[in-house]
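Right, one structure below, let's go through it.
Every chain is numbered from 1 and lettered A, B, ... according to where its sequence line falls, protein lines coming before strand lines.
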2 protein chains.
Amino acid sequence: MVKGSIGNTAAMTTTLTQSGGGKDRPARSTMKDVARLAGVSVKTVSRVVNGEPGASAAVRERILQAAERLDYRHNLGASTLRRKDSRSGIVGALLQDVGNSFSAGLLRALEDALREGGLSVLAASLDEEPDRERDIVSDLVARRADGLVLMPASERHEYLLSEHRAGLPLVFVDRRPHGLDCDSVTIDNRMGAKLATAHLIAGGHRRIAMLSDLHQIETAKERIAGYRAALEEAQIGFDPLLLVHGVRSEEEATRVVADFLDSTDPPTALVAGRNIITVGAVRALRSAGMVRKVALVGFDDFPLADLIEPGLTVIRQDVRRIGAEVGRILLGRLAGDNGPPQHLVLKPSLIRRGSGEILPPNLDPVGR
Amino acid sequence: MVKGSIGNTAAMTTTLTQSGGGKDRPARSTMKDVARLAGVSVKTVSRVVNGEPGASAAVRERILQAAERLDYRHNLGASTLRRKDSRSGIVGALLQDVGNSFSAGLLRALEDALREGGLSVLAASLDEEPDRERDIVSDLVARRADGLVLMPASERHEYLLSEHRAGLPLVFVDRRPHGLDCDSVTIDNRMGAKLATAHLIAGGHRRIAMLSDLHQIETAKERIAGYRAALEEAQIGFDPLLLVHGVRSEEEATRVVADFLDSTDPPTALVAGRNIITVGAVRALRSAGMVRKVALVGFDDFPLADLIEPGLTVIRQDVRRIGAEVGRILLGRLAGDNGPPQHLVLKPSLIRRGSGEILPPNLDPVGR
DNA sequence: TGCCTTTACGTCAACGTTGACGTACTAACA
DNA sequence: TGTTAGTACGTCAACGTTGACGTAAAGGCA
């Protein structure tokens, strides 16, 4: 077992954070060294380093020169340990995958917002793995992170109750907390998927398929609910064969759509539950030469969606705004806001670029 | 002036890391509290928390129950301060923009590599701002980051000499260090741009324009050098009007290309120096109905480049490999590798998707 | 049965910094 | 000129944890 593992499950990992590796690295100078060289007390050095009053100009100059001579660098960890009610200056951002466009855009917006408050972002990808989420949360708590932004991979969040009670600001993003009442910024997924489906229905489509993410992912459930609600409102019977769960990669999406196209009564329109499904669907349609014959509405926007032929009609979440709102809420908590938890639900918008406006074959005047 | 500002220029920023904000948050329990409740010494609690031998089963159980009862959480900062030659477990990744696909992909690959070593990544976007780079480096040094991955915004790096001497592992990525000899992982930009240009020349093009980033950005210089070298090898005169510096946005790229298309002797092929220039160029070509008349090779790949009509021919950097190599080098340094600095130069590859294979008008058999 | 070794505790001080408090000297005011 | 207040220092202990060292008791071996 590794050090600090109780109350910090992340420490169970064999790490380089233990002492080790070749020759010891040279020790950095401390205020003691600076004090000795400048001929003053450590407290006086601290005053100068911190820009506090109580040091004469001459003494200050001597200390600055000594600090420069010794390459002295302030130790935030020691300072934070001693100061009463001090903060670490770190916020943890636990996102789905910092490499994908949604998480990357969110991280960027969050970083911008938090930089205003002098906070740094410790970024992590959860890859929908609940155990990794818990490990990283544990590590961040051990580091006394000032707050956490969490796009949870887990479905229940009681394990965070003690951290929340201990005063750790938590803001959920894209998914809501369960078993815990704290701040969240999400999208109205149901409304978004309903909008996508209604848009296709308004265009004349009646056989509309939906390809969705893992069933247990909350946003996936909500999007499916919206899809079904739109069908119901239009009095179009729900065909379970047109709803595909658990599509987790472009390749899988491509396969599913290709299978649809090969079927005897294929859908004339598709709703893709997330970006990689959209991309996979587009590939399948292109391969089959059907990009202008089958309508497609994707969930979430991404760069270049307008340059694809036809342009991709999407339900767009404003990632910049989501990140900015999360940052604002978190900074508010850190500044002392003790109000009831906020649940901001942003509305996505329909962006028409062509792929969602393709008419079904029976309505298409030129039958192309 | 703010605390710890000497030797830590980042601290000049007004921050929330100072004490403050409303009601004090509840103090967390410490080992002292656990020891009191369990009826043992602090040292014995430390033994159990750290999984060290020297605690009986009965005592261990009492301590674990007390820790759970008190919601005790290990304090990594205090532990790190006390342990000799301990590490913070943090690596700073200073990238161009964590929201763009190149930086995002790199961050992800880096995160994956460093997670193997139990390290967390503190991510920051520099936006090509040298002052921000220095501030963030300063902050990370104050936090005693174990290492830094730096895609520098600055041109000179003497300011890092003292950190390097102090034993802080530094790995430059995408750009090399100047005035400092440390590890780096870069791409052979010159070779890549030369490859792009030679490819167009081999396709019959003679009037090839290049749109490039800010002149002082090192990768931009190298790409320009490669472009010029290919022209020279083909004995094609260099036309300064065909080389455009300082293209910083899609909109700007769109404008430049539109201007080219309006000129009396427009280029028949384009080399785009980076992704956003590529995207801007594609928009301009589409608007002018010229996507199949002007050849285009972009620098660096991105998602969906194959779905654009025509598919984008690009010089592709293997972002995953870059990130993995950076991580490997950094972990090696942390594990004690004291060898001479490594300068890994990866070769980009030409990905043909159509846009770079468009022939010039005089060679195009159907003249479209 | 006696002696030696090992184990399970605990004490003390240290890490690098800062808050609280004290002292001496200087400056300002009456 | 004397008194009071303010400034420029310094001392001491604290933050939460861990390394070094010590002690007592128990177990094993001769």
Side-chain angles (χ1 to χ4, degrees), chain A residues 2-8 11 17-19 27-36 38-63 67 70 72-88 141-144, chain B residues 2-8 11 17-19 27-36 38-63 67 70 72-88 141-144:
Chain A
V2 147
K3 72 186 183 191
S5 63
I6 306 303
N8 177 18
T17 53
Q18 295 166 91
S19 299
R28 302 201 66 123
S29 298
T30 71
M31 284 183 179
K32 280 170 182 159
D33 305 302
V34 177
R36 196 175 301 126
V40 295
S41 72
V42 168
K43 181 57 194 170
T44 302
V45 174
S46 176
R47 287 193 175 102
V48 171
V49 163
N50 286 295
E52 287 166 17
S56 69
V59 161
R60 181 187 157 73
E61 192 53 39
R62 283 211 318 277
I63 289 170
L70 293 166
Y72 167 76
R73 296 290 183 269
H74 192 256
N75 187 324
L76 258 180
S79 175
T80 302
L81 182 62
R82 182 59 188 79
R83 286 182 188 260
K84 188 174 169 50
D85 210 35
S86 186
R87 295 193 183 279
S88 65
V141 168
R143 290 178 186 287
R144 301 294 185 267
Chain B
V2 148
K3 73 186 182 190
S5 62
I6 305 302
N8 178 17
T17 54
Q18 294 166 91
S19 300
R28 301 203 67 125
S29 299
T30 70
M31 285 183 176
K32 281 171 179 158
D33 305 302
V34 176
R36 198 174 300 127
V40 294
S41 73
V42 167
K43 182 58 194 171
T44 302
V45 174
S46 175
R47 287 192 175 103
V48 170
V49 162
N50 285 295
E52 289 165 17
S56 69
V59 161
R60 183 188 155 76
E61 191 54 39
R62 284 214 316 281
I63 289 170
L70 293 167
Y72 166 76
R73 295 289 183 268
H74 191 257
N75 187 323
L76 257 182
S79 174
T80 301
L81 183 61
R82 181 57 186 85
R83 286 181 189 261
K84 186 174 169 50
D85 208 37
S86 187
R87 295 193 182 282
S88 66
V141 168
R143 291 179 187 286
R144 299 296 183 267

From [atom1] of [X] over to [atom2] of [N], roughly how many Å is that when rounded to an integer?
X	N	atom1	atom2	value
R60(B)	dC9(C)	CZ	P	12 Å
N50(A)	dC9(D)	CG	P	16 Å
L81(A)	dA14(C)	CG	C1'	12 Å
I63(B)	dT17(D)	CD1	C1'	15 Å
K43(B)	dA14(C)	NZ	P	16 Å
R47(A)	dT17(C)	CZ	P	16 Å
Y72(A)	dG16(C)	OH	P	10 Å
E52(A)	dA20(C)	CD	P	11 Å

Quick one: pull up CG in N75(B) and CE in M31(B) and give me the separation to the nearest 0.5 Å.
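Here the interatomic distance stands at 9.0 Å.
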
So, for H74(B) and R144(A), which heavy atoms are closest and what is the spacing to 0.1 Å?
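The pair with the smallest heavy-atom distance is O-NH1, 3.2 Å.
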
Can you give me the closest heavy-atom contact between V49(B) and Y72(B), atom names plus distance?
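Taking every non-hydrogen atom into account, CG2-CE2, 4.0 Å.
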
Counting heavy atoms from C-beta on, name the nucleotide in [options] closest to the side chain of [X].
X	options	answer
S56(A)	dA8(D), dT18(C), dC9(C)	dA8(D)
V40(A)	dG19(C), dT18(C), dG10(D)	dG10(D)
N75(A)	dG16(C), dG10(C), dT11(D)	dG16(C)
M31(A)	dT11(C), dT17(D), dT18(C)	dT18(C)
S79(B)	dG10(D), dT18(D), dG16(D)	dT18(D)

Base, sugar-phosphate alone, or nothing: which one does S41(A) contact when heavy atoms must sit under 4.0 Å apart?
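Here S41(A) touches the bases of the nucleic acid.
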
Using a 4.0 Å heavy-atom cut-off, does V59(B) contact any base of the nucleic acid, only the sugar-phosphate backbone, or nothing at all?
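Sugar-phosphate contact only - V59(B) comes under 4.0 Å of backbone atoms but never of a base.
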
Verify the contact: side-chain N or O of T44(B) to OP1 or OP2 of dC9(C), cut-off strictly under 4.0 Å; return yes or no.
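Checking dC9(C) against T44(B), no side-chain N or O comes under 4.0 Å of OP1 or OP2.
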
When only distance counts, do a donor and an acceptor, one from the side chain of R82(A) and one from the base of dT17(C), lie under 3.5 Å apart?
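No pair found.
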
Does R144(B) get its side chain close enough to the base of dG16(C), under 3.5 Å, for a donor-acceptor pair?
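A donor-acceptor contact between them is absent.
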
4.5 Å side-chain heavy-atom contact, T44(B) and I63(B)
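Contact flag for T44(B)/I63(B) side chains = yes.
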
Show your reasoning for whether side chain to side chain contact (heavy atoms under 4.5 Å, CB included) applies to V40(A) and R47(A).
CA-CA 11 Å; V40(A) 295; R47(A) 287 193 175 102; over 6 Å; no

For A57(B) and K32(A), find the nucleotide of DNA chain C closest to each by heavy atoms; which residue's nucleotide sits nearer the 5' end?
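The residue closer to the strand's 5' end, by nearest nucleotide, is A57(B).
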
